Amino acid sequence: MSNSQINYFIIDSSSSIEHNDVDFKYYSYQNHNNNQLHKGDLIIYRRSGSASEWGNEFYLYGAGRFGDVVRQDPTTGNDIVTIEEPYLFSHCLMKQNLRTFDWTFRKFKGKWSNFFNMNGITQINEHDYRGLLERQKNMTPEIPELSDEEELLAVKCYQAEKNEMYFINDEAKGIKTYNAVQKFFADKVKFNYHYKSAVAGPVDEDDLVVARIIPWSENQEIRLDPRNGISFTILKNLPKPLQQGISLLTIKVILLFLMFQLQMQKPINY
């Protein structure tokens, strides 16, 4: 399929089994009333404000390619379509990350209301599609380049965590899992902390780092659990030895507190 035959969309997904939406796997839509999407079209996932974990703030979080219709929902008549070549963003694109984005499919007038179509399917152009992919990638330069197999594994980590399945081995089908897990885990922890520091609150996002409360090597059962992570920043304006000493002490205190919470089986308040 040539690029001229490919269309580009931002689609809303509630990631709801009730609506037959399973992120990066299946998408349900009314093909009879909205014949926009076709096999081979490229999509970017958007969580709408009404479905957002961030209190009515939308965000973009992944991409994929429209696949085959596998069945029709007998209740709604919607087509259930597979999503091929799933790709998890290494950084969710929130409103704050899109303020300066140069949209070309439509003029952005400073307000998000009605910018995306109400039916949950917004056609964009190739320039905007590729620009959004580039923006999320540029926001996480510390994430190493992953193979196609590792990218798919990162998606599976996302799906497993959605189902509260947190176990993963050191290898999966001969692939080392750490880098793929870290791509998912680091952004999920930062997302849960609203891209803020657990210690200092709002900071320059470039300074944020993520640490595991219980180390990777000590417990395979919680490797995908973002509650086992903490988002913080290293103080950069102090002399390096003092910077490291303060950061290490702060981290130890916080980790001890969070480990106590885990042991008491109390939820961590983000």
Side-chain angles (χ1 to χ4, degrees), residues 3 6 8-11 13 15 22-27 40-47 59-67 82-94 97-98 101 126 128-163 165-193 195 205-212 214-231:
N3 285 347
I6 296 174
Y8 303 85
F9 296 91
I10 293 176
I11 63 170
S13 175
S15 189
V22 180
D23 284 343
F24 305 108
K25 190 172 183 179
Y26 298 116
Y27 179 69
D41 288 342
L42 294 173
I43 61 170
I44 284 179
Y45 275 109
R46 174 181 179 263
R47 186 80 77 232
Y59 59 92
L60 311 179
Y61 59 98
R65 186 183 294 274
F66 231 52
T82 58
I83 300 300
E84 301 172 349
E85 302 173 26
Y87 175 78
L88 179 69
F89 279 8
S90 55
H91 188 296
C92 291
L93 293 179
M94 317 301 297
N97 309 130
L98 295 170
F101 185 75
E126 183 178 2
D128 291 349
Y129 176 85
R130 300 203 180 280
L132 291 168
L133 291 181
E134 182 178 2
R135 173 151 297 202
Q136 60 84 29
K137 189 173 182 179
N138 289 343
M139 296 189 71
T140 53
E142 74 280 4
I143 299 295
E145 287 288 334
L146 301 184
S147 67
D148 291 344
E149 292 79 10
E150 288 174 315
E151 291 288 6
L152 182 58
L153 184 56
V155 168
K156 291 185 180 298
C157 291
Y158 170 94
Q159 293 169 330
E161 190 272 336
K162 281 284 185 186
N163 291 303
M165 300 166 60
Y166 307 124
F167 171 86
I168 193 167
N169 268 317
D170 291 341
E171 292 189 12
K173 296 182 178 180
I175 303 168
K176 297 285 186 183
T177 59
Y178 182 81
N179 285 341
V181 171
Q182 198 62 14
K183 176 183 179 179
F184 153 76
F185 183 82
D187 189 56
K188 184 63 177 179
V189 172
K190 292 177 185 178
F191 177 90
N192 285 351
Y193 278 95
Y195 295 98
E205 198 179 312
D206 291 340
D207 296 337
L208 285 177
V209 293
V210 167
R212 291 176 182 274
I214 298 173
W216 168 271
S217 60
E218 291 188 12
N219 192 338
Q220 295 176 317
E221 300 290 337
I222 57 171
R223 285 177 171 176
L224 301 182
D225 190 346
R227 294 172 298 178
N228 185 46
I230 180 171
S231 171

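Just so you know, these numbers come straight off a predicted model, no measurement behind them.
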Legend entry - Flag side-chain contact, heavy atom, 4.5 Å: Ser13 against Arg47: yes
Inset, instruction - Report yes if some heavy atom in the side chain of Glu161 is under 4.5 Å from a heavy atom in the side chain of Tyr166; otherwise report no. - result: yes
Inset, instruction - Look only at the side chain of Asn169 and the backbone of Glu171, and say whether a donor-acceptor pair between them is shorter than 3.5 Å. - result: no
Inset, instruction - Answer yes or no on whether Lys25 is positioned over the face of Tyr158, meaning its NZ or CZ is under 6.0 Å from the six-membered ring centre and within 45° of the axis. - result: no
Legend entry - Note: Lys183-Glu151 ion pair, threshold 4.0 Å (strictly below): yes
Inset, instruction - Determine, stepwise, if the pair Leu153 / Phe184 fulfils side-chain contact (heavy atoms from CB on, under 4.5 Å). - result: CA-CA 9 Å; Leu153 184 56; Phe184 153 76; over 6 Å; no
Inset, instruction - Kindly give the heavy-atom pair with the smallest separation between Ala63 and Tyr129, and that separation in Å. - result: CB-OH, 4.0 Å
Inset, instruction - Please test Ile44 against Tyr8 for side-chain contact (heavy atoms from CB on, under 4.5 Å), starting from the C-alpha separation and ending with a verdict. - result: CA-CA 8 Å; Ile44 284 179; Tyr8 303 85; over 6 Å; no
Inset, instruction - Verify, without hydrogens or angle tests, whether Gln220 (side chain) and Phe167 (backbone) share a donor-acceptor contact under 3.5 angstrom. - result: no
Inset, instruction - Take Ile83 and Phe66, measure what side-chain contact (heavy atoms from CB on, under 4.5 Å) needs, and give me the verdict at the end. - result: CA-CA 5 Å; Ile83 300 300; Phe66 231 52; 4.1 Å; yes
Legend entry - Residues Leu93, Met139; criterion side-chain contact (heavy atoms from CB on, under 4.5 Å); working and verdict: CA-CA 9 Å; Leu93 293 179; Met139 296 189 71; 3.9 Å; yes
Inset, instruction - Could you tell me whether a side-chain N or O of Asn163 sits under 3.5 Å from a main-chain N or O of Met165, the two making a donor and an acceptor? - result: no
Inset, instruction - Identify whether the distance between the nearest side-chain nitrogen and carboxylate oxygen of Glu134 and Arg130 falls below 4.0 Å. - result: no
Inset, instruction - Go through the steps for Asp148 and Tyr87 under the test side-chain hydrogen bond (donor to acceptor under 3.5 Å, both in side chains), then give the verdict. - result: CA-CA 9 Å; Asp148 291 344; Tyr87 175 78; over 6 Å; no
Inset, instruction - Take atom CZ of Phe101 as the centre, draw a 6.0 Å sphere, and report whether it contains more than 12 heavy atoms from other residues, nucleotides or ligands. - result: yes
Inset, instruction - Kindly indicate, with the supporting measurements, whether the criterion salt bridge (charged side-chain N to carboxylate O under 4.0 Å, His left out) is fulfilled by Glu145 and Lys137. - result: CA-CA 10 Å; Glu145 287 288 334; Lys137 189 173 182 179; 2.7 Å; yes
Inset, instruction - Kindly say whether Asp170 contributes a backbone atom to a donor-acceptor pair with the side chain of Thr177 at under 3.5 angstrom? - result: yes
Inset, instruction - Locate the shortest heavy-atom distance separating Asp187 from Cys92; write the atom from each residue and the value. - result: OD2-N, 3.1 Å
Inset, instruction - Work out which heavy atom in Ser231 is nearest to a heavy atom in Leu208; give both atom names and the distance. - result: OG-CD2, 3.5 Å
Legend entry - Separation between CG of Asp206 and OG1 of Thr140, rounded to the nearest 0.5 Å: 10.5 Å
Legend entry - Geometric cation-pi criterion Arg223 and Phe185, 6.0 Å radius, 45° cone: no
Inset, instruction - Answer whether the closest heavy-atom distance between the side chains of Asn97 and Glu205 falls below 4.5 Å. - result: yes
Inset, instruction - Would you name the heavy atoms of Gly40 and Ile6 that are closest together and state the gap between them? - result: O-CG2, 3.8 Å
Inset, instruction - Without swapping roles, check the side chain of Arg135 against the backbone of Leu98 for a donor-acceptor pair under 3.5 Å. - result: no
Inset, instruction - Rounded to the nearest 0.5 Å, what's the gap from CG on Leu152 to CD1 on Ile175? Could you check? - result: 8.0 Å
Legend entry - Closest approach of Ala154 to Ala180 (non-hydrogen atoms, all atoms of both residues): CB-O, 3.6 Å
Legend entry - Exam field: side chain Asn192 to backbone Val189, donor-acceptor pair closer than 3.5 Å: no
Inset, instruction - Kindly compute the distance separating CG (Asp128) from CG (Leu133), expressed to the nearest 0.5 Å. - result: 11.0 Å
Legend entry - Non-hydrogen side-chain atoms of Tyr45 and Ile11 separated by less than 4.5 Å: yes
Inset, instruction - Locate the shortest heavy-atom distance separating Leu224 from Ala160; write the atom from each residue and the value. - result: CD1-CB, 3.9 Å
Legend entry - Asn228 side-chain N/O to Ile214 backbone N/O, donor-acceptor pair under 3.5 Å: yes
Inset, instruction - Establish, yes or no, whether a centroid distance under 6.0 Å links the rings of Tyr61 and Phe191. - result: no
Inset, instruction - Could you point out which residue of Gln159, Lys156, Lys162 forms a side chain to side chain contact (heavy atoms under 4.5 Å, CB included) with Phe24? - result: Gln159
